[in-house]
Amino acid sequence: MRGLWFIMPAVVTLLLLITYPLIYGAYISFFDTNLITKWNFVGLKHYVNIFSNTEFVERILLTLHYTFWVVVGHFVIGTGLALILNMKLKGITVFRVILILPWLFPEVVVGLLWKWLFNPLYGLFNAVLMKVGLIDDPVSWLGDEKTAFAAVIVVSIWKGFPMVMMLLLAGLQSIPEDIYEAARIDGCTRSAAFRYVTLPALMPVMVVTLILDTVWWFKHFTMIWILTQGGPGNATNVVSIDIFKQAFEFFNFGKASAMAILVFFVCWLMGYGYRRLFGNGDD
């Protein structure tokens with residue numbers, strides 16, 4: 001009974017912040033409502049409309065495209081830096097602190113900072129590129145469909161790689177040094193030790209990190225909204241932006257809730273797929 005009191009705060013917090021909003025969101029998805037006076041029950045109408053309209057599928061595909069490149073960038077940069085930071089080098093702690101700073105900055109600050117850097121009139125990128133002669137005229141990085149999507153991906157990679165780096169670094173530091181010594185005695189080269197010792201030992205951490213990173217950026221909203229608001233056109237109109245617009249610009253709260261529930265199941269399916277593909281460490 002005493003143990004129940006210890007876990008009660010966590011249980012209540014989860015019920016209030018996760019379970020209740022999820023159930024309430026699912027409830028709203030069956031109504032045409034303004035959340036105050038209008039509550040017209042429509043059943044599965046919103047779900048039927050979503051699946052009968054190709055725009056939602058296009059938003060999901062665009063979000064998957066965005067998430068794929070962001071997660072790949074996080075793991076390429078994060079893994080490389082984690083391996084470097086795991087070395088016993090002088091002053092490495094200072095670099096650990098510096099490299100984790102992008103993750104510590106609020107997303108609003110990061111979005112505004114990069115929006116200034118990309119500005120076509122007084123942005124730093126255009127000024128530097130024009131000074132070295134790589135471009136003749138200012139480029140509207142966030143105003144051109146050809147560059148806006150890539151620009152948003154670059155900002156997201158810069159913001160998110162420290163989380164992957166620190167999680168993988170923690171995983172690397174948990175691997176016993178005795179295993180590496182035994183591998184060296186058996187004649188393992190450094191690359192072979194990385195393949196047959198480091199990667200298998202790091203796999204449980206990598207799977208958890210992959211799931212967390214994918215779900216986080218699949219539903220990401222803040223920086224994309226600050227940078228482009230889903231534009232130009234629909235170049236960066238990922239599903240989270242579309243849900244926000246449906247709810248707070250068009251006041252289609254029921255449809256927005258239905259879209260959010262579908263996104264929840266997409267995230268669940270991705271996590272389940274990762275666990276089936278890579279294992280969850282319980283086998």
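Just so you know, these numbers come straight off a predicted model, no measurement behind them.
The hydrophobic cluster containing Met8 does not contain Leu17, counting ILVMFWY residues as joined when their side-chain heavy atoms lie under 4.5 angstrom apart, directly or transitively. Taking hydrophobic clusters as Ile, Leu, Val, Met, Phe, Trp and Tyr residues chained together by side-chain heavy-atom distances below 4.5 Å, Leu101 shares a cluster with Met166. Cluster membership for Leu14 and Phe6, using ILVMFWY side-chain heavy atoms within less than 4.5 angstrom, is not shared. No continuous path of ILVMFWY side-chain contacts below 4.5 Å connects Leu117 to Val109, so the two sit in separate hydrophobic clusters. The hydrophobic cluster containing Leu112 does not contain Trp116, counting ILVMFWY residues as joined when their side-chain heavy atoms lie under 4.5 angstrom apart, directly or transitively.
At most 12 heavy atoms of other shown residues, nucleotides or ligands fall within 6.0 angstrom of atom CZ in Phe51. Remark: Phe221 CZ is packed, more than 12 non-hydrogen atoms of other residues, nucleotides or ligands lying under 6.0 Å away. Surrounding CZ of Arg184 are more than 12 heavy atoms belonging to other residues, nucleotides or ligands, all under 6.0 Å away. Shown here is Phe250, whose CZ atom has more than 12 heavy atoms of other residues, nucleotides or ligands within 6.0 Å. Other residues, nucleotides and ligands contribute only 12 or fewer heavy atoms inside 6.0 Å of the NZ atom of Lys45. Residue Trp69 places its CH2 atom among 12 or fewer non-hydrogen atoms of other residues, nucleotides or ligands, all under 6.0 Å distant.
Ring geometry, Phe118 versus Trp141: the interplanar angle falls from 30° to 60°, so the pair is classed tilted. Ring planes of Phe248 and Phe253: perpendicular class, angle over 60° (limits at 30 and 60°). Aromatic ring pairs are classed by plane angle as parallel below 30°, tilted from 30° to 60° and perpendicular above 60°; the pair His220 and Trp216 is tilted. Between Tyr272 and Trp268, the ring planes lie parallel to each other; the angle is under 30°, not in the 30° to 60° tilted range.
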* Verify ring-ring contact (aromatic ring centres under 6.0 Å, His included) between Trp225 and Phe244, making sure each step is shown before the conclusion. => CA-CA 10 Å; Trp225 179 259; Phe244 177 84; 4.8 Å; yes
**Asked** Please walk me through it: do Ile77 and Met165 pass side chain to side chain contact (heavy atoms under 4.5 Å, CB included)?
**Response** CA-CA 8 Å; Ile77 298 174; Met165 177 189 72; over 6 Å; no
Walk me through it: do Leu262 and Phe56 pass the test side chain to side chain contact (heavy atoms under 4.5 Å, CB included)?
CA-CA 10 Å; Leu262 293 174; Phe56 181 75; 3.9 Å; yes
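A donor-acceptor pair under 3.5 Å is formed between the side chain of His46 and the backbone N or O of Phe31. Here the side chain of Ser29 pairs no donor or acceptor atom with the backbone of Gly254 at under 3.5 angstrom. Proximity of a side-chain donor or acceptor of Ser257 to a complementary backbone N or O of Ile28 within less than 3.5 Å is not detected. Although no hydrogens or angles enter the test, the distance criterion places a donor-acceptor pair under 3.5 Å between the side chain of Lys159 and the main chain of Phe105. In this structure, Asn34 contributes its side chain and Thr37 its backbone to a donor-acceptor pair below 3.5 Å. A donor-acceptor pair is defined here as one N or O able to donate and one able to accept, closer than 3.5 Å; such a pair exists between the side chain of Ser52 and the backbone of Asn49. Between the side chain of Asn119 and the backbone N or O of Tyr122 there is at least one donor-acceptor pair closer than 3.5 Å. In this structure, Lys245 contributes its side chain and Gln229 its backbone to a donor-acceptor pair below 3.5 Å.
The CG atom of Leu227 sits 5.5 Å away from the CG atom of Leu142 when rounded to the nearest 0.5 Å. For the atom pair OG1 of Thr209 and CG of Leu202, the computed distance is 8.0 Å after rounding to the nearest 0.5 Å. To the nearest 0.5 Å, atom CZ of residue Phe68 and atom CZ of residue Phe218 are 14.5 Å apart. In this structure, Glu55 CD and Leu62 CG are separated by 12.5 Å, a value rounded to the nearest 0.5 Å. Rounding to the nearest 0.5 Å places CD of Gln246 at 5.5 Å from CG of Asp242. Here OH of Tyr66 is found 9.5 Å from OG1 of Thr236. Values are rounded to the nearest 0.5 Å.
The shortest distance between side-chain heavy atoms of Ile153 and Phe149 falls below 4.5 Å. Residues Ile92 and Met87 fail the side-chain proximity criterion, which asks for heavy atoms closer than 4.5 Å. Side chains of Ile211 and Arg275 form a contact here, defined as non-hydrogen atoms less than 4.5 Å apart. Between Val238 and Arg59, the closest side-chain pair of non-hydrogen atoms is not below 4.5 Å. You'll find the side chain of Val263 stays beyond 4.5 Å of the side chain of Met259, heavy atoms only. At least one side-chain heavy atom of Phe194 sits under 4.5 Å from a side-chain heavy atom of Leu83. Looking at Asn234 and Glu58, their side chains never come closer than 4.5 Å, going by heavy atoms from C-beta outward.
Across Thr33 and Lys38, no two heavy atoms sit closer than the pair OG1-O, 2.6 Å. Listed here is the closest heavy atom pair of Leu81 and Phe161: CD1-CE1, 3.4 Å. Across all their heavy atoms, Val139 and Asn126 have their closest contact at O-ND2, 2.9 Å. Between Thr228 and Val152, the shortest heavy-atom distance links the atoms CG2-CG2, 4.0 Å. Across all their heavy atoms, Thr79 and Phe75 have their closest contact at OG1-O, 2.6 Å. Of all non-hydrogen atoms in Glu107 and Ile226, the two that sit nearest each other are O-CD1, 4.3 Å.
Side-chain atoms of Thr198 and Tyr180 include a donor-acceptor pair closer than 3.5 Å.
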